[in-house]
Amino acid sequence: MKIFDITGDSYTHEVEEFKGTVLLDFFADWCAPCKSLAPVIEDVAKGAGDSIKVCKINVDSEKELAEKFGVRSIPTLVVMKNGSVMNRSIGVTGKKAILDMLE
């Protein structure tokens, strides 16, 4: 499955209205840890089925979404199911830990 770039305009449709699990990756282009996590997120997205959507949110351009989720450090991963936050992780993590979060 592809990775969706989320903006304030697309958030409700792409995330809250999605029936299934959503992985939100809060990042910034200048963030070195975010860059090291990016290939892991891409790998998770490739293996994700139709019931999992992987999304990226740039905290610099989408400050309101970052504030909504209380993002203070990046990278931050948030797992949502049917519009509700189920899990979160701060910092670089491995593929297995991300997959465990999604279960």
Side-chain angles (χ1 to χ4, degrees):
M1 184 175 249
K2 74 176 204 162
I3 296 176
F4 296 81
D5 290 315
I6 300 300
T7 64
D9 293 336
S10 66
Y11 172 78
T12 299
H13 174 70
E14 295 292 347
V15 178
E16 288 186 351
E17 295 176 357
F18 183 72
K19 302 296 181 213
T21 303
V22 179
L23 174 64
L24 301 175
D25 174 17
F26 289 88
F27 77 102
D29 292 330
W30 50 264
C31 169
C34 299
K35 289 179 183 178
S36 68
L37 183 60
V40 177
I41 297 297
E42 290 171 14
D43 196 28
V44 169
K46 285 179 187 172
D50 291 337
S51 64
I52 298 174
K53 182 183 278 189
V54 179
C55 304
K56 295 183 79 62
I57 300 175
N58 186 318
V59 297
D60 289 332
S61 59
E62 301 301 328
K63 289 178 175 48
E64 288 181 15
L65 285 175
E67 288 176 17
K68 175 180 176 139
F69 284 90
V71 174
R72 303 272 184 253
S73 298
I74 52 174
T76 293
L77 301 177
V78 176
V79 175
M80 298 185 68
K81 289 188 182 181
N82 301 319
S84 299
V85 174
M86 303 303 289
N87 212 335
R88 72 184 314 141
S89 171
I90 299 170
V92 176
T93 189
K95 182 179 178 182
K96 181 179 179 338
I98 295 170
L99 293 175
D100 287 347
M101 286 176 53
L102 292 168
E103 289 182 1

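Phe18 and Tyr11 fall within a single hydrophobic cluster, where Ile, Leu, Val, Met, Phe, Trp and Tyr side chains are chained together by heavy-atom contacts under 4.5 Å. Residues Met80 and Val44 fall into different hydrophobic clusters, defined by Ile, Leu, Val, Met, Phe, Trp and Tyr side chains chained together at heavy-atom separations under 4.5 Å.
In this view, Asp60 satisfies the salt bridge (charged side-chain N to carboxylate O under 4.0 Å, His left out) rule with no residue, not counting sequence neighbours. By the side-chain hydrogen bond (donor to acceptor under 3.5 Å, both in side chains) test, Lys46 is found to be paired with no residue, residues two or more places apart in sequence or in another chain being considered. Annotation: side chain to side chain contact (heavy atoms under 4.5 Å, CB included) contacts of Glu64 (sequence neighbours excluded): none. With sequence neighbours excluded, no residue satisfies salt bridge (charged side-chain N to carboxylate O under 4.0 Å, His left out) with Lys81. Not counting sequence neighbours, Glu67 has no partner by the salt bridge (charged side-chain N to carboxylate O under 4.0 Å, His left out) test. Residues passing the side chain to side chain contact (heavy atoms under 4.5 Å, CB included) test with Ser10, sequence neighbours excluded: Ile6, Thr7, Glu14. With sequence neighbours excluded, the residues satisfying side chain to side chain contact (heavy atoms under 4.5 Å, CB included) with Asn87 are Val79, Met101. When the side chain to side chain contact (heavy atoms under 4.5 Å, CB included) test is applied to Ala45, the partners found at least two apart in sequence or on another chain are Ile3, Val54. Phe27 pairs by the ring pair (Phe, Tyr, Trp, His ring centres under 6.0 Å) definition with nothing, not counting sequence neighbours. With sequence neighbours left out, the side-chain hydrogen bond (donor to acceptor under 3.5 Å, both in side chains) criterion links Asn82 to no other residue. Residues forming a side-chain hydrogen bond (donor to acceptor under 3.5 Å, both in side chains) with Lys2 (at least two apart in sequence, or on another chain): none.
The distance from atom CD1 of Ile98 to atom CD of Glu103, rounded to the nearest 0.5 Å, is 13.0 Å. Taking CG of Leu23 as the reference point, atom CG of Leu102 lies at 5.5 Å (rounded to 0.5 Å). Between Asp100 atom CG and Ser89 atom OG the span is 11.0 Å, to the nearest 0.5 Å. Atom-to-atom distance recorded for Trp30:CH2 and Ile74:CD1 is 4.0 Å, nearest 0.5 angstrom.
Sorted by first and then second residue, the side chain to side chain donor-acceptor pair (under 3.5 Å) pairs involving residues 32-44 (not counting sequence neighbours) are Asp43-Lys95.
Considering every non-hydrogen atom in both Arg88 and Thr76, the closest pair reads NH2-CG2, 3.8 Å. When all heavy atoms of Val40 and Gly94 are compared, the closest pair comes out as CG1-C, 4.1 Å. The shortest heavy-atom contact between Ser73 and Ile90 is CB-CG2, 3.8 Å. What you find for Val15 and Cys55 is that their closest heavy atoms are CG2-SG, 4.3 Å. Residues Pro75 and Pro33 approach most closely at CD-CB, 3.7 Å, considering heavy atoms. Contact record, Ala66 with Val59: CB-CG1, 4.0 Å, taken as the closest heavy-atom pair.
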Between Leu65 and Leu24, is the side chain to side chain contact (heavy atoms under 4.5 Å, CB included) condition met? List the steps.
CA-CA 11 Å; Leu65 285 175; Leu24 301 175; over 6 Å; no
Step-by-step salt bridge (Lys or Arg N to Asp or Glu O under 4.0 Å) determination, Lys56 to Asp5:
CA-CA 5 Å; Lys56 295 183 79 62; Asp5 290 315; over 6 Å; no
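Using a 4.5 Å heavy-atom cutoff, the side chains of Ile57 and Val78 are not in contact. The side-chain heavy atoms of Val71 and Glu62, taken from C-beta on, include no pair separated by under 4.5 Å.
Relative ring orientation between Phe26 and Phe69 is described as tilted, the plane-to-plane angle lying within the 30° to 60° band.
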